[in-house]
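Since we're looking at a predicted model, the values are computed, not measured.
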Amino acid sequence: MKILILNGPNLNFLKKREKIYSNLSFKNIKKKIFFYSKNIFDILFLNSNCEGKIINFIQKNYKLKFLIFNPAALSHYSLSILDCLKIFKGIIIELHITNLYKREFFRKKSLISLRSDIIISGMGIEGYFHAIDYIIKKCI
């Protein structure tokens, strides 16, 4: 089975950003995710700083059963991504490394949540593993 893991802007700079995100590089996080799901799923993985590239990736894979999506800052204003997610046929797990509700006022609202089936927020990079565990339980 294939699952999508999609990450939005600036996540490629996690180790360089504020420590509230992670002290690991995104490359190391990606390796951990692939290792964790080894022999269970084929993972289609994308990290992009470009909204259009994210939309194209979702559209290309809209028939798949699961999407783990960390939209990052795009969470708060991207109507175009929300509209695109409405065509996605499967379950969408929205993921945020930090707790949105302990952040600045403008980060407390996620437009993406209007289409998300599940929201994981504030668990750090462990959130990715919880999302994968949910998918494993859903498929067994």
Side-chain angles (χ1 to χ4, degrees):
M1 176 190 312
K2 288 183 184 176
I3 62 171
L4 302 177
I5 298 180
L6 177 55
N7 295 279
N10 298 310
L11 290 169
N12 58 316
F13 267 62
L14 280 181
K15 191 172 182 176
K16 295 172 178 78
R17 295 182 69 193
E18 304 95 322
K19 295 300 177 204
I20 62 169
Y21 293 106
S22 178
N23 59 0
L24 293 174
S25 71
F26 194 74
K27 185 178 179 181
N28 286 336
I29 293 169
K30 185 177 174 181
K31 282 181 188 177
K32 285 178 176 278
I33 291 168
F34 276 104
F35 182 77
Y36 191 78
S37 60
K38 188 175 150 184
N39 301 324
I40 302 171
F41 301 112
D42 288 330
I43 293 181
L44 300 175
F45 200 96
L46 177 70
N47 173 234
S48 181
N49 294 320
C50 302
E51 192 169 0
K53 192 170 181 180
I54 291 169
I55 290 168
N56 290 340
F57 186 74
I58 295 166
Q59 287 179 352
K60 182 179 177 185
N61 297 289
Y62 79 99
K63 291 183 180 181
L64 294 182
K65 291 178 95 172
F66 296 99
L67 167 60
I68 299 170
F69 186 20
N70 184 343
L74 295 171
S75 310
H76 316 295
Y77 68 86
S78 182
L79 289 171
S80 58
I81 289 180
L82 173 61
D83 289 345
C84 181
L85 288 172
K86 289 178 180 178
I87 66 158
F88 188 80
K89 301 291 185 193
I91 292 173
I92 297 173
I93 302 171
E94 180 180 351
L95 186 133
H96 299 279
I97 293 171
T98 63
N99 181 344
L100 294 181
Y101 301 100
K102 286 189 162 192
R103 304 289 308 275
E104 304 91 339
F105 75 94
F106 53 86
R107 294 188 194 270
K108 294 180 189 215
K109 174 119 174 109
S110 169
L111 294 177
I112 304 308
S113 296
L114 294 171
R115 172 52 186 91
S116 299
D117 299 291
I118 297 160
I119 301 165
I120 299 172
S121 179
M123 297 186 79
I125 65 162
E126 292 297 315
Y128 289 97
F129 308 118
H130 288 288
I132 291 167
D133 287 344
Y134 173 83
I135 294 169
I136 290 169
K137 288 176 186 170
K138 194 79 171 159
C139 293
I140 293 176

With Lys63 via side-chain contact (heavy atoms from CB on, under 4.5 Å) - residues at least two apart: none

Side-chain (His96) to main-chain (Gly122) donor-acceptor, under 3.5 angstrom: no

Please give me the minimum heavy-atom distance between Ser37 and Ile43, naming the atom from each residue. OG-CD1, 2.8 Å

For Phe45, the ring pair (Phe, Tyr, Trp, His ring centres under 6.0 Å) test, sequence neighbours excluded, returns Phe26, Phe34

What residue pairs, at least two apart or across chains, pass ring-ring contact (aromatic ring centres under 6.0 Å, His included) with a residue in residues 114-136? Tyr36-Phe129

Side-chain donor/acceptor pairs under 3.5 Å, residues 54-62, sequence neighbours excluded:
residue: Asn56; atom: ND2; partner: Gly52; partner atom: O; Å: 3.4
residue: Asn61; atom: ND2; partner: Phe57; partner atom: O; Å: 2.9

With distance as the sole test, does Asn7 use its side chain to make a donor-acceptor pair with the main-chain N or O of Phe69 at under 3.5 Å? no

Linking I/L/V/M/F/W/Y whenever any side-chain heavy atoms sit under 4.5 Å apart, do Ile92 and Phe41 land together? no

Which pairs, with at least one residue in residues 110-135 and sequence neighbours excluded, count as a salt bridge (Lys or Arg N to Asp or Glu O under 4.0 Å)? Arg115-Asp117

Could you list the residues that satisfy side chain to side chain donor-acceptor pair (under 3.5 Å) with Ser78, not counting sequence neighbours? Glu51, Ser80

Determine whether Ile40 and Leu64 fall in the same hydrophobic cluster, where Ile, Leu, Val, Met, Phe, Trp and Tyr are linked whenever their side-chain heavy atoms lie under 4.5 Å apart. no

Least distance between heavy atoms, Lys138 atom then Phe66 atom: CG-CZ, 3.9 Å

Ile136, Leu4: one ILVMFWY side-chain cluster at the under-4.5 Å cut-off? no

I'd like to know if the side chain of Asn49 and the backbone of Asn10 have a donor-acceptor N/O pair within less than 3.5 Å. yes

CA sep, side-chain torsions, deciding dist, call: Leu74, Ile112, side chain to side chain contact (heavy atoms under 4.5 Å, CB included): CA-CA 8 Å; Leu74 295 171; Ile112 304 308; 5.9 Å; no

How long is the span from the CD1 atom in Ile135 to the CD1 atom in Ile68, to the nearest 0.5 Å? 4.0 Å

Mind checking whether Ile97 and Ile120 sit in one hydrophobic cluster, side chains of I, L, V, M, F, W, Y counted as touching below 4.5 Å? yes

Ser116: partners by side chain to side chain donor-acceptor pair (under 3.5 Å), with sequence neighbours left out: Glu94

Of all heavy-atom pairs linking Ser75 and Pro71, the shortest is OG-CG, 3.1 Å

Hey, could you give me the CG/CG distance between Leu82 and Leu114, rounded to the nearest 0.5 Å? 5.5 Å

Distance-minimising heavy-atom pair for Ala72 and Gly8: CB-C, 4.1 Å

Could you check whether any side-chain N or O of Thr98 sits under 3.5 Å from a backbone N or O of Gly124, counting only pairs where one atom can act as donor and the other as acceptor? no

Hydrophobic cluster identity match, Ile3 and Ile119, side-chain contacts under 4.5 Å: no

CG of Asn70 to CD1 of Ile5: how many Å apart, nearest 0.5 Å? 11.0 Å

